[in-house]
Every structure is written in C-alpha cells, then in structure tokens.
Amino acid sequence: MNSALSDIRRDADVAVITICVHSDREYPRLGQLIVDYENPLKKMMEEFVPHGKSLSDALISLQMVYPRRNLSADQWRNAQLLSLISAPSTMLNPAQSDTMPCEYLSLDAMEKWIVFGFILCHSVLNSDAAALSLWKLALQSSTCLCLFRDEVFHIHKAAEDLFVNIRGYNKRINDIRECKEQALSHAGSMHRERRKFLRSALKELATVLADQPGLLGPKALFVFMALSFARDEIIWLLRHADNIQKKSTDDFIDKHIAELIFYMEELRAHVRKYGPVMQRYYVQYLSGFDAVVLNELVQNLSVCPEDESIIMSSFVNTMTSLSVKQVEDGEVFDFRGMRLDWFRLQAYTSVSKASLGIADHKELGKMMNTIIFHTKMVDSLVEMLVETSDLSIFCFYSRAFEKMFQQCLELPSQSRHSICFPLLCTHFMSCTHELCPEERHHIGDRSLSLCNMFLDEMAKQARNLITDICTEQCTLSDQLLPKHCAKTISQAVNKKSKKATGKKGEPEREKPGVESMRKNRLLVTNLDKLHTALSELCFSINYVPNLVVWEHTFTPREYLTSHLEIRFTKSIVGMTMYNQATQEIAKPSELLTSVRAYMTVLQSIENYVTIDITRVFNNVLLQQTQHLDSHGEPTITSLYTNWYLETLLRQVSNGHIAYFPAMKAFVNLPTENELTFNAEEYSDISEMRSLSELLGPYGMKFLSESLMWHISSQVAELKKLVVENLEVLTQMRTSFDKPEHMAALFKKLTSVDSVLKRMTIIGVILSFRSLAQEALRDVLSCHIPFLVSSVEDFKDHIPRETDMKVAMNVYELSSAAGLPCEIDPALVVALSSQKSENISPEEEYKIACLLMVFVAVSLPTLASNVMSQYSPAIEGKTSSLFRQLEF
C-alpha cells in the first residue's frame with residue numbers, strides 16, 4: 001500500500017517535470033483533447049483503459065487510509081484523537097504509525113485521487129466492493145472538488161453525465177444520486193462537528209505544547225496531523241460555502257472559524273520557535289535508534305542486490321554520522337539526497353522481476369517511511385508546515401475571507417482570534433510559482449492590501465471600544481463636578497427643615513458611585529461588556545510584535561497607536577463643545593476633568609496591550625498647545641484663545657462685564673440684555689488654572705502673543721489719533737500750567753472717546769493677561785517647583801549692566817513661566833513689529849509722549865462717566881482704563 005501511494009506521487013512528480021522541462025510529446029495531444037472535446041473526461045476514460053489495472057490497484061490501497069481519515073467527530077472524540085493528556089503515562093513516548101506519510105496526507109488530495117481515479121477506471125466499480133465503498137464514501141463527503149485555486153469540479157453532476165450513456169450503469173447512477181442526497185443533507189453537519197472537535201483538540205494541543213515545548217519532539221506527528229486535519233476542514237468549508245447547492249446555509253456559516261485558524265497559527269508558531277528542540281530530538285533519534293534498527297533489517301535480508309545494498313548502506317552511514325553538536329553549531333542539514341535515494345530504492349524494488357521486492361519486506365518499507373519523516377523533522381520543518389497547513393487558497397476567496405473577518409470582529413468572544421487573518425496573509429506567497437513570475441506582484445499586492453485592511457479594522461474596532469469606555473468614564477466624572485451637588489444639598493436642607501421637595505413622583509437623583517454597587521456577580525453592566533470586548537481584541541493586537549508579508553513588516557500595535565492619537569485629538573477638541581454660532585464653549589475645569597478621565601482610560605490600555613501611551617499623550621497634548629495640529633485642524637489653544645478674545649473680552653469692553661480685583665475674576669454686570677454665559681465661571685482663578693493645565697506654557701504663550709497682538713493693533717490706532725491731533729497735543733504739552741488755554745485746546749481735540757475706548761480695551765487685555773500669567777505660575781509651581789524657583793532666582797539677579805538682548809532672553813524665559821517682568825517681552829515683540837522705517841526714533845518718542853498727554857487730558861472725561869465710580873463691592877472701578885494705568 002505504501003509503495004503504491006509512493007508510486008502515484010512519484011509518477012505525478014515525474015509527469016510534471018517531463019511536461020514542464022522536456023515538453024512531453026503527448027502533452028500537445030492532451031491539450032488538443034481538452035480543446036476538441038466538449039467533455040474531455042469521456043474521451044480520457046476511453047484512452048485510460050490500458051492503465052486501469054495499475055490505477056485501480058493503487059486506489060484500492062487507500063481502503064485502509066481514507067476511511068480512517070474520513071471518520072465522524074464522535075468517532076474522533078471517542079478515540080481521543082490528537083490528545084496528549086488522555087494517556088499521561090505514554091506522553092513521552094514517540095508517536096508512531098506504520099503509514100507515517102499517510103497520517104498527515106491531505107484528505108482533499110485523497111478524495112481527488114478516488115473520484116477522478118475511479119471515473120477513469122470506472123469498470124472496477126462493478127467488480128470490486130472495496131473500490132465501490134471508497135467511491136461512495138468520497139461522493140458522500142463533498143459536493144465539489146478543487147480543480148485549481150477557486151475553480152471547482154461538481155463531482156455528482158459530472159459523474160452522472162459521464163455514466164448516463166454507458167449501458168448497465170443505472171445502478172451506479174442511482175448510487176451517485178443517493179450519495180449526492182447524502183452529501184447535501186449530512187456532509188455539512190458532519191464537517192461542522194469536525195471543526196467543533198478540532199477547535200478544542202487544537203486548543204488543548206497548543207496549550208500543552210506552549211507549557212512543555214519539549215513534547216514537540218516525540219509528538220511532532222500529532223502536530224502535523226492536527227494541522228492537516230484542520231486545513232482540510234477549512235478548505236472544505238471555504239470551497240462549499242462559495243458553491244452552496246442547498247437552501248439551508250447554516251452549516252456553511254461558521255462564526256468560529258477564526259478560532260480554528262488561530263490555533264493552527266499557534267501550532268505553526270511553536271514549530272518555528274522550537275525548531276532547534278525538534279532537531280536535537282530527531283538527530284539523536286536517527287543516529288541512536290533508526291540507524292540501528294535499519295542496519296538490523298538490512299542484515300536480515302535474505303537477498304540484497306548490490307545497488308540496493310549500496311543505497312541502504314548509505315542510509316545507515318548518513319544517520320550514524322549525525323550528532324547533537326551539529327545542531328548546536330547551527331549546521332544546515334540537507335537530507336534531500338537521502339529521500340531521493342529512497343524513491344530510487346522503491347522504484348528498483350517495485351518492478352515485477354525485482355530480486356528484492358518491497359511488497360515482501362513490509363517492515364523495511366514501514367521503517368524507511370518513518371525515517372523519511374524523521375529526516376523532514378530535521379531539515380524540512382518549513383516545507384512540512386507548508387505541506388500540512390498552507391491556507392494560501394484564501395488569496396482567491398477574497399470576499400469570503402473578508403466576510404469571515406467581519407464575522408470574527410462582530411462576535412466579542414472570537415475577536416481575540418482576529419489576528420489570524422493578517423497572519424494568513426503571510427501564506428499567500430507560497431501559492432506563487434517560479435514558472436509564472438508575472439502573478440507574483442499581483443498576489444503580493446493583494447496580501448499587503450488585505451493585511452493592511454485587517455490590521456486597520458482591528459485597530460478601529462479597538463479604538464471605538466476605547467472611545468465608548470472613555471465616554472462612560474467621562475459621564476461618571478461629570479457626575480462628580482461641583483455644579484451637580486447643588487440639588488443634593490438643597491434636598492438635604494429641605495429634608496432637615498421638613499419642607500416638601502419638588503413635585504410628587506419626581507425620581508430621586510442617583511448619587512455618584514451607585515453604578516459600582518451590585519446585588520450579585522451575575523449582573524453585567526455595559527462598561528463590563530466593553531472592557532471584556534476590549535481585552536479580547538487587545539489580546540489579538542498584542543499577539544505578535546510584528547509580521548512580515550512579502551518583505552514588508554507590519555506592526556499591529558502601531559495601527560492602534562495611530563488611531564488612538566487621531567481619536568484622542570478629535571475627542572479633546574470635541575469635548576470643548578464649541579459652538580461658533582452661539583459662541584458657547586465648555587468651562588476649562590470641566591474640559592480638564594473630562595480629559596483626565598479620558599487619559600485614565602487610555603493609561604489602562606497598557607494593561608491590555610504593550611504600547612507606549614505616554615507617547616500618545618505627548619504627541620496629542622503637545623499639538624493641542626499649538627495654533628493648529630499636524631492635520632491643520634484647530635486646537636483647544638486656538639478655540640479658547642479666540643473665545644476669550646472675541647467673546648469674553650469683547651463683552652468687557654462693551655461694558656457688560658467688569659474686572660473685580662478682589663475676586664481676581666471678570667463678573668457679569670446687570671444689563672438689559674443678559675449674556676448667555678457667566679464670566680466668573682470662565683475667568684476665576686480655578687478656571688484660569690485649569691486653562692493653564694490644558695494649554696501648557698506653549699499654549700499660554702500663544703494666548704499672550706494673541707493678546708499682545710490686539711494691544712499692538714490698538715496702539716497703532718492710538719498713534720494715528722495722536723498724529724491727527726499732533727499740533728494741538730504739542731501745544732498742550734507745553735501749556736499744562738495754563739488752565740484756560742488747556743481748556744480751549746481740549747475743545748479742539750478730536751476722537752477723545754475713541755482714545756478712551758481703545759485704552760479701555762488695552763486695560764481689559766492686560767487685566768486678563770495678568771490673571772492668565774498668575775494661573776500659569778501657580779500651575780508650574782506645582783508641577784516643576786524647583787525649575788520655577790531657579791527661573792525666578794535667575795530673573796531677580798540680573799546685573800544692571802547686562803546687555804539688553806541678554807536681559808530680554810531672561811525676561812522671555814520668565815514670562816513663559818508666568819513670572820511678572822519689568823519689561824514684557826511679548827509686548828516688546830508685538831510693538832516692535834509696528835516699527836516703521838519712515839519714522840525716526842525721535843519722532844516715535846515724541847508720539848509716545850503726546851499719547852500720554854492725550855490720555856492725561858482725557859481722564860476728566862472718563863472720571864465723569866458713571867462706570868468710573870469706585871465700587872466697594874469690587875474694590876475697584878468698573879472701567880478698565882484705570883487698571884491699564886496701573887500697568
């Protein structure tokens with residue numbers, strides 16, 4: 001039986017080599033036969049009659065192999081197939097079989113041999129019960145077979161069409177129809193149960209081998225059997241799901257297929273990782289046991305021709321010369337010559353007149369098959385993985401591949417296995433062939449695009465889960481804000497005074513923390529479900545640090561990191577709740593609370609997946625301290641800067657808001673048109689500190705620069721007003737001791753109200769900047785007290801003789817830390833940008849002096865304004881001009 005199988009495989013290899021390399025003279029005839037005949041198989045049946053006996057004998061030899069492989073899941077389960085722990089006492093015993101190459105032989109390949117083989121030599125079906133039994137079993141297992149990639153052959157219809165015109169084959173046609181009905185009604189459920197069994201079997205096998213990788217040596221056969229069995233079931237499902245011939249499709253939709261593929265990848269990873277362990281084991285096995293047993297078998301041969309004797313002696317010598325030191329030294333093993341010699345030996349001993357017949361020495365054949373398997377464990381582990389677990393066929397079922405992936409992500413319990421889909425993309429290049437190099441790039445590009453799409457979707461799914469968790473946590477944090485405690489306090493006060501509280505039937509507000517109280521452990525909240533789904537998906541993302549697809553390296557964690565950065569950026573800006581139409585924006589303290597809750601959730605991600613979340617914070621939060629982020633979108637710095645300048649400070653200059661020095665805040669004034677916001681809630685010391693926490697030194701510097709730019713624009717306008725009144729102001733500058741003349745000159749001045757208005761705006765801006773700088777200083781003193789004290793000491797001890805440029809550098813550093821300076825560097829920069837080359841320094845100085853004169857003579861007008869009256873409540877005046885004079 002073994003020799004017959006080997007003959008078939010050898011003949012197929014020789015045929016391929018002959019056709020491809022030597023251009024067999026019969027190959028054009030075969031091609032012409034396919035072109036000329038509508039049903040080439042019918043003609044091939046006629047042409048194949050002389051070879052029927054040889055082929056049928058080879059196929060019938062499968063009667064001990066194929067039925068054993070084509071068992072139901074219950075039979076596998078009863079036999080405890082693939083289990084290492086079912087018999088602990090034999091766990092260290094090497095897995096043996098009389099037919100080692102057949103144990104991991106593809107079931108799909110055997111079914112092709114049986115179906116196509118018996119179609120060509122169909123006469124044996126009427127004369128041999130074993131042949132008929134194999135034929136019917138194969139027809140009952142599938143409805144179609146793979147011809148090439150995604151091209152399939154519908155076996156029942158084709159066989160029935162071939163036999164319908166053959167006299168006396170009505171019984172075979174009935175058998176085909178019965179088998180078709182059997183396949184349509186039972187094959188789907190049978191294979192579904194097999195996949196269910198294999199999921200648990202491979203999981204057990206992978207878990208045991210992960211804990212005890214040394215078992216890969218004696219139990220290597222189990223590993224490759226498991227891979228082959230699983231591969232056959234996956235390919236069967238893929239092929240039949242794309243060619244469904246029945247109304248019910250439940251048996252062809254497997255939402256747990258990802259789990260089976262995942263455990264296959266895990267076994268493959270164990271084999272690759274612990275390859276040296278397997279090499280050490282089998283090198284010792286070959287030299288210490290196989291060589292001895294083979295030598296005894298050779299010595300006991302009654303007849304051994306010279307050629308066969310030379311080959312078998314070379315086997316023994318090759319195995320005897322092996323040592324563990326070769327593995328330790330990293331020597332590359334190559335037993336291809338030895339395996340080729342075994343094929344030669346089978347050819348020599350399989351002919352009818354051979355002196356040494358392999359059929360008469362079955363023990364020799366069994367032993368050599370075992371030795372060949374052992375040699376493959378030393379030098380061909382990668383090739384064995386491809387032979388038993390290659391799933392590159394998914395490359396040609398892209399739609400089904402993507403659908404399986406989506407089903408995997410939709411099911412939380414399966415999302416932990418989603419990494420198997422990007423890993424499958426590494427298989428695709430194995431379906432290329434050197435004789436067709438032009439498709440290599442197409443397959444490579446497809447593998448890259450699919451891998452990128454899978455990893456991107458996994459990262460998006462994780463990002464969405466994290467966002468949902470952050471939303472929940474932000475809601476919980478929002479419940480702890482001071483603004484929500486008023487109602488609770490009110491209820492407590494009313495309860496104490498025994499007053500009626502609200503309307504009857506009004507639901508009592510839940511207190512923060514109620515969500516953590518559970519009556520039993522079976523109660524699962526939405527947050528629990530999100531955390532469970534996230535942990536499952538993060539396991540998949542964290543499964544491999546990177547994977548190589550067609551010489552491209554993919555890092556799953558980087559996909560998650562990039563998506564988190566983008567989402568965190570959008571979330572921070574979104575949490576400001578800025579409405580340009582109504583000019584509404586979240587209070588800085590509330591935004592800070594939400595951002596901290598968001599960051600707490602993101603920090604917990606490090607418990608699930610190995611990513612540097614600090615890098616995410618640095619990238620995102622530093623961008624938020626700039627005017628625009630890396631994508632050119634507005635940041636919280638630009639939003640708050642614009643809001644404070646265009647909304648709050650504008651209302652101050654309009655007289656709707658005033659600065660209260662005692663409270664160090666801006667407060668709404670009673671007016672006819674009430675404002676939509678409370679200025680105190682945005683400008684008191686706690687809010688300004690929160691703003692400083694959010695924007696940081698860079699953002700506060702941008703805020704200061706924007707404030708100074710507005711001051712510089714007001715100064716420019718004031719200069720223009722001075723120039724308009726230059727002659728009058730010049731006279732007033734020298735006539736301050738002449739009241740009558742001054743009064744007459746004052747009447748000649750124009751735009752006095754404009755000067756006061758613009759000076760008031762400057763006072764408002766300087767008041768606000770003072771608050772911002774003080775808040776920044778307080779925040780930095782908490783975070784970096786030693787550095788702030790060093791900067792302050794540096795500023796306070798600048799020698800008077802220091803060059804002004806050096807002093808300005810020190811002032812700029814101090815201002816960035818929120819410290820007050822004798823010379824405001826931001827204001828200097830803003831005013832110096834207006835310097836004109838057409839005006840001499842003397843002229844500039846003169847304009848500045850006249851501006852002071854203009855303000856001085858305008859003060860009586862300001863003093864007569866009601867808004868300038870001193871208010872004991874605010875310990876100051878409502879007008880901000882006097883505040884500006886203090887600066």
Side-chain angles (χ1 to χ4, degrees), residues 1 61-111 114 129-130 133-142 179 182-212 215-216 218-237 240 250-252 254-257 259-264 266-267 366 370 373 388-389:
M1 175 176 60
S61 69
L62 289 170
Q63 62 181 327
M64 297 299 293
V65 179
Y66 178 68
R68 189 174 75 240
R69 281 291 308 278
N70 200 10
L71 298 176
S72 67
D74 289 335
Q75 291 172 305
W76 280 354
R77 195 173 289 109
N78 294 334
Q80 294 185 320
L81 187 70
L82 305 175
S83 177
L84 299 183
I85 59 177
S86 60
S89 59
T90 62
M91 188 176 289
L92 296 178
N93 295 348
Q96 297 284 4
S97 171
D98 292 341
T99 55
M100 293 287 272
C102 298
E103 300 303 328
Y104 53 85
L105 182 62
S106 170
L107 185 67
D108 188 48
M110 284 192 281
E111 288 181 348
I114 293 171
S133 176
L134 283 175
W135 162 261
K136 292 173 70 174
L137 186 58
L139 291 180
Q140 291 170 2
S141 299
S142 303
C179 291
Q182 184 77 6
L184 290 175
S185 58
H186 296 95
S189 59
M190 180 183 70
H191 284 274
R192 184 189 66 232
E193 292 301 316
R194 281 187 190 173
R195 293 192 300 274
K196 183 178 178 181
F197 166 79
L198 287 172
R199 284 199 300 271
S200 60
L202 265 67
K203 180 180 180 180
E204 176 191 304
L205 191 60
T207 304
V208 172
L209 293 178
D211 184 64
Q212 298 294 331
L215 291 175
L216 278 168
K219 302 301 182 182
L221 180 60
F222 278 18
V223 173
F224 291 105
M225 286 174 60
L227 291 173
S228 180
F229 288 9
R231 188 267 314 271
D232 286 337
E233 292 305 318
I234 292 170
I235 292 178
W236 187 95
L237 176 65
H240 285 76
D250 294 342
D251 292 334
F252 303 96
D254 191 347
K255 294 184 179 180
H256 299 84
I257 193 68
E259 185 176 355
L260 183 57
I261 300 174
F262 176 81
Y263 292 126
M264 285 184 65
E266 197 161 7
L267 289 177
K366 295 176 183 177
T370 302
F373 175 76
T388 57
S389 60

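It should be emphasised that the depicted structure is a prediction, and the values quoted were computed from it without experimental measurement.
- The nearest pair of heavy atoms linking P67 to L62 is CD-O, 3.5 Å.
- The main-chain N or O of C102 is never found under 3.5 Å from a side-chain atom of T99 such that the two would form a donor-acceptor pair.
- Note that CG of L198 and CD1 of I234 are 8.5 Å apart. Values are rounded to the nearest 0.5 Å.
- Side-chain contact between M264 and R231: present, with at least one pair of heavy atoms (C-beta onward) separated by less than 4.5 Å.
- Rounding to the nearest 0.5 Å places OG of S86 at 8.0 Å from CE of M91.
- Here the shortest heavy-atom pairing between L107 and D232 reads N-OD2, 2.8 Å.
- Ion pairing between a basic and an acidic side chain is recognised when a charged N comes within 4.0 Å of a carboxylate O; K196 and E259 show no such pairing.
- Annotation: the span from T388 atom OG1 to M225 atom CE amounts to 11.5 Å, rounded to 0.5 Å.
- Considering every non-hydrogen atom in both L139 and A183, the closest pair reads O-CB, 3.7 Å.
- Taking CG of L205 as the start and OH of Y263 as the end, the distance is 12.0 Å to the nearest 0.5 Å.
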Check the pair E193 / S72 against side-chain contact (heavy atoms from CB on, under 4.5 Å), numbers first and verdict last. CA-CA 8 Å; E193 292 301 316; S72 67; over 6 Å; no
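- In this structure, E111 and S142 approach most closely via the heavy-atom pair OE1-OG, 3.3 Å.
- Considering R199, R192, R194 in turn, R199 is the only one that fulfils the salt bridge (charged side-chain N to carboxylate O under 4.0 Å, His left out) rule with D254.
- Using bins of under 30°, 30° to 60° and over 60° for the plane-to-plane angle, the ring pair H240/H191 lands in the parallel bin.
- Judged purely by atom type and a 3.5 angstrom limit, S228 has no side-chain atom pairing as donor or acceptor with the backbone of F224.
- The line from CG of L209 to CG of L216 is 4.5 Å long, rounded to the nearest 0.5 Å.
- When all heavy atoms of L84 and F222 are compared, the closest pair comes out as CD2-CD2, 3.3 Å.
- Of the listed residues (Q96, R69, R68), just one forms a side-chain hydrogen bond (donor to acceptor under 3.5 Å, both in side chains) with E103, and that residue is R68.
- In this structure, the side chain of S83 does not engage the main chain of Q80 through any donor-acceptor pair within 3.5 Å.
- Heavy-atom minimum distance, P218 versus N93: CB-O, 3.9 Å.
- Defined by atom type and a distance below 3.5 Å, a donor-acceptor pair is missing between the side-chain atoms of E204 and S200.
- Put simply, the side chain of K219 never gets that close to the backbone of L92: no donor and acceptor are under 3.5 Å apart.
- In this structure, OH in Y66 is found 4.5 Å from CG in L137, a value given to the nearest 0.5 Å.
- Note: F197 and W76 have tilted aromatic rings, judged against thresholds of 30 and 60 degrees for the angle between ring planes.
- Inter-residue side-chain proximity for N70 and M190 is flagged as met; some heavy-atom pair is nearer than 4.5 Å.
- A distance-only check finds a donor-acceptor pair linking the side chain of T207 to the backbone of K203 [under 3.5 Å].
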When you look at W236 and D108, which way does the side-chain contact (heavy atoms from CB on, under 4.5 Å) test go after all the steps? CA-CA 8 Å; W236 187 95; D108 188 48; over 6 Å; no
